[in-house]
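Notes follow the structure.
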Amino acid sequence: MSTWTRWPGGSPRPDVAGGLARAAVVGTGLIGGSVLLRLHAAGLDVAGWDPDPAARRQVRDRRVDAPDTLEEAVTGRDVVFLCGPLPTLPATLARVAAVTDDDCVLTDVGSVKAEVSTAATVQGLGHRVVPGHPMAGADRAGAGAAGPDLLDGAAWVLCPGPAGLGAFRRLAVLLVDVFHARVVPMSAPEHDGAAALASHVPHVLAGALAGTVHRSALRDAVLTLAAGSFSDGTRVAGGPPERTANMLLGNRDRVLAELDALGAFLSELTEALRGGDAGALADRFAEGRDVRATLRARTFSTHRREFPAAADHAGELAYLRELGAAGGHLSGVRETAGAVTYMGHLPATPPLG
């Protein structure tokens with residue numbers, strides 16, 4: 001398998017997409033629907049299933065197969081993406097595993113990874129479950145908001161386990177080939193820690209700001225004056241409230257810890273403002289500006305690492321997790337002649353602090 005070459009136009013050959021030419025997507029909302037449509041556009045044999053009959057009709061209206069039962073959708077598939085609500089994932093994982101072959105790769109797109117990773121281990125599925133999380137979204141929800149380009153080029157976290165490196169390699173090839181993903185390998189705890197600040201706390205802030213405006217006596221005047229800063233700062237508040245609540249509860253301890261850290265920073269700003277200390281205010285905002293500037297101007301160094309495909313995987317797993325924890329990603333995976341080669345990228349800018 002290889003990710004080094006593509007057909008003209010960027011579409012992957014199904015035979016090089018990690019060998020995962022037959023796919024299924026369970027849950028066809030914004031993310032699941034976008035996964036489904038991209039796989040279909042890439043020429044893979046893909047079926048979608050959703051518990052909502054109306055959602056299945058929407059899939060069929062877009063000329064994609066949508067069987068009436070989950071079992072019919074996933075049986076005989078090479079890879080299944082689980083895209084339902086976070087609390088449903090462990091049970092759905094067990095149900096899908098029961099009717100798929102042992103070499104079928106199972107992954108999810110949930111925004112919290114610890115629970116599904118634990119469920120995979122408890123259910124004896126660590127050799128074929130690769131928890132995942134594409135870092136993309138929109139301010140709308142549902143299948144109607146899905147599109148084949150939503151996840152194009154996204155950072156896509158994968159959490160390989162000691163027994164599942166073979167499945168990880170195959171899935172990584174598919175994601176790079178089809179989605180042009182920047183695959184970020186991490187352990188589940190490291191993902192949940194980083195996602196708390198990268199995604200979950202921003203949802204709290206957006207909801208808090210929008211909710212405060214909702215309660216304000218000047219609500220309509222505020223909305224009239226609202227421009228880019230308000231729109232950008234509240235974008236994710238437009239998502240389904242139940243989904244946000246599930247995300248925060250699923251990562252509660254890490255989110256609470258980061259909210260404490262955020263509260264401390266806000267206290268510094270508050271005290272500087274109360275005391276009329278312009279210098280202290282500017283210093284705090286300079287910290288934020290530095291992070292914003294780094295986000296926009298990051299550069300990466302490129303390297304290749306090779307490991308024996310059939311040997312002890314401890315070194316390979318350590319490399320992958322260290323790469324992700326350091327802010328790096330993969331753009332290619334190739335397995336040939338008993339070796340696996342990774343094309344890796346690490347931030348070239350020095351860390352802050």
Side-chain angles (χ1 to χ4, degrees), residues 20 22-36 39 46-56 58-59 65-134 137 141-143 146 156-161 163-164 167-168 171 187-189 191-192 195 200 239-255:
L20 306 179
R22 287 176 50 81
V25 177
V26 177
T28 59
L30 173 66
I31 301 300
S34 297
V35 171
L36 180 71
L39 293 170
V46 62
W49 182 84
D50 195 282
D52 181 0
R56 296 198 298 272
Q58 283 185 299
V59 170
D65 186 27
D68 285 326
T69 68
L70 178 148
E71 286 75 15
E72 186 180 356
V74 304
T75 298
R77 300 290 165 171
D78 302 314
V79 59
V80 178
F81 291 82
L82 308 181
C83 306
L86 280 172
T88 70
L89 290 180
T92 304
L93 179 62
R95 185 177 171 188
V96 171
V99 294
T100 51
D101 295 336
D102 196 55
D103 61 351
C104 173
V105 176
L106 307 177
T107 188
D108 73 303
V109 299
S111 56
V112 183
K113 299 274 62 84
E115 185 175 9
V116 71
S117 180
T118 299
T121 300
V122 169
Q123 296 176 25
L125 301 171
H127 61 294
R128 63 184 182 118
V129 174
V130 187
H133 181 202
W156 199 309
V157 177
L158 292 180
C159 300
F168 166 81
L171 182 58
S187 70
H191 165 273
D192 291 353
H200 305 166
E242 297 81 5
R243 184 182 66 193
T244 302
N246 287 336
M247 175 182 68
L248 296 176
L249 289 170
N251 200 22
R252 179 171 54 186
D253 290 344
R254 297 306 297 256
V255 173

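Leu89 approaches Gly84 most closely through the heavy-atom pair CD2-O, 3.9 Å. Considering all non-hydrogen atoms of both residues, Ala47 and Ala73 come closest at CB-O, 4.0 Å. Heavy atoms only, all atoms of each residue included: Ser111 and Ala195 are closest at O-CB, 4.4 Å. Residues Val25 and Gly32 approach most closely at CG1-O, 3.4 Å, considering heavy atoms. The minimum heavy-atom distance between Gly29 and Asp50, with the atom names listed, is N-OD2, 4.3 Å. Closest approach of Leu86 and Gly110 over heavy atoms only: CD2-CA, 3.8 Å.
Rounding to the nearest 0.5 Å places CD of Glu71 at 10.5 Å from OG1 of Thr100. Rounded to the nearest 0.5 angstrom, Leu249 CG and Asn246 CG are separated by 7.0 Å. Of the inter-residue distances, the one linking Arg56 atom CZ with Asp65 atom CG reads 11.5 Å to the nearest 0.5 angstrom. Atom CG of residue Leu125 and atom OG of residue Ser117 lie 11.5 Å apart, to the nearest 0.5 angstrom. To the nearest 0.5 Å, atom CG of residue Asp68 and atom CG of residue Leu70 are 12.0 Å apart. Taking CG of Leu39 as the reference point, atom CZ of Arg22 lies at 13.0 Å (rounded to 0.5 Å).
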query: Leu82 and Thr107: side chain to side chain contact (heavy atoms under 4.5 Å, CB included), yes or no, with the steps?
result: CA-CA 6 Å; Leu82 308 181; Thr107 188; over 6 Å; no
Steps toward side chain to side chain contact (heavy atoms under 4.5 Å, CB included) verdict (Gln123, Val129): CA-CA 10 Å; Gln123 296 176 25; Val129 174; over 6 Å; no
- request: Give the intermediate values and the outcome of side chain to side chain contact (heavy atoms under 4.5 Å, CB included) for residues Cys104 and Val79.
  value: CA-CA 5 Å; Cys104 173; Val79 59; 5.5 Å; no
task: Check the pair Val130, Leu106 against side chain to side chain contact (heavy atoms under 4.5 Å, CB included), reporting the backbone distance first and the verdict last.
output: CA-CA 6 Å; Val130 187; Leu106 307 177; over 6 Å; no
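In this structure, Arg95 satisfies the cation-pi test against Trp49, with its NZ or CZ atom closer than 6.0 Å to the six-membered ring centre and inside 45 degrees of the ring normal.
Annotation: side chain of Val112 is in contact with side chain of His200 (closest heavy-atom distance under 4.5 Å). The closest side-chain heavy-atom distance from Pro85 to Thr88 is below 4.5 Å. Annotation: side chain of Val105 is in contact with side chain of Leu20 (closest heavy-atom distance under 4.5 Å). You'll find the side chain of Leu158 stays beyond 4.5 Å of the side chain of Pro131, heavy atoms only.
A donor-acceptor contact closer than 3.5 angstrom is absent between the side chains of Asp108 and His133.
A donor-acceptor pair is defined here as one N or O able to donate and one able to accept, closer than 3.5 Å; such a pair exists between the side chain of Arg77 and the backbone of Ala23. Distance alone, capped at 3.5 Å, is enough to place a donor-acceptor pair between the Lys113 side chain and the Gly132 backbone.
Remark: Asp103 does not engage Arg128 in a salt bridge, criterion side-chain N to carboxylate O under 4.0 Å.
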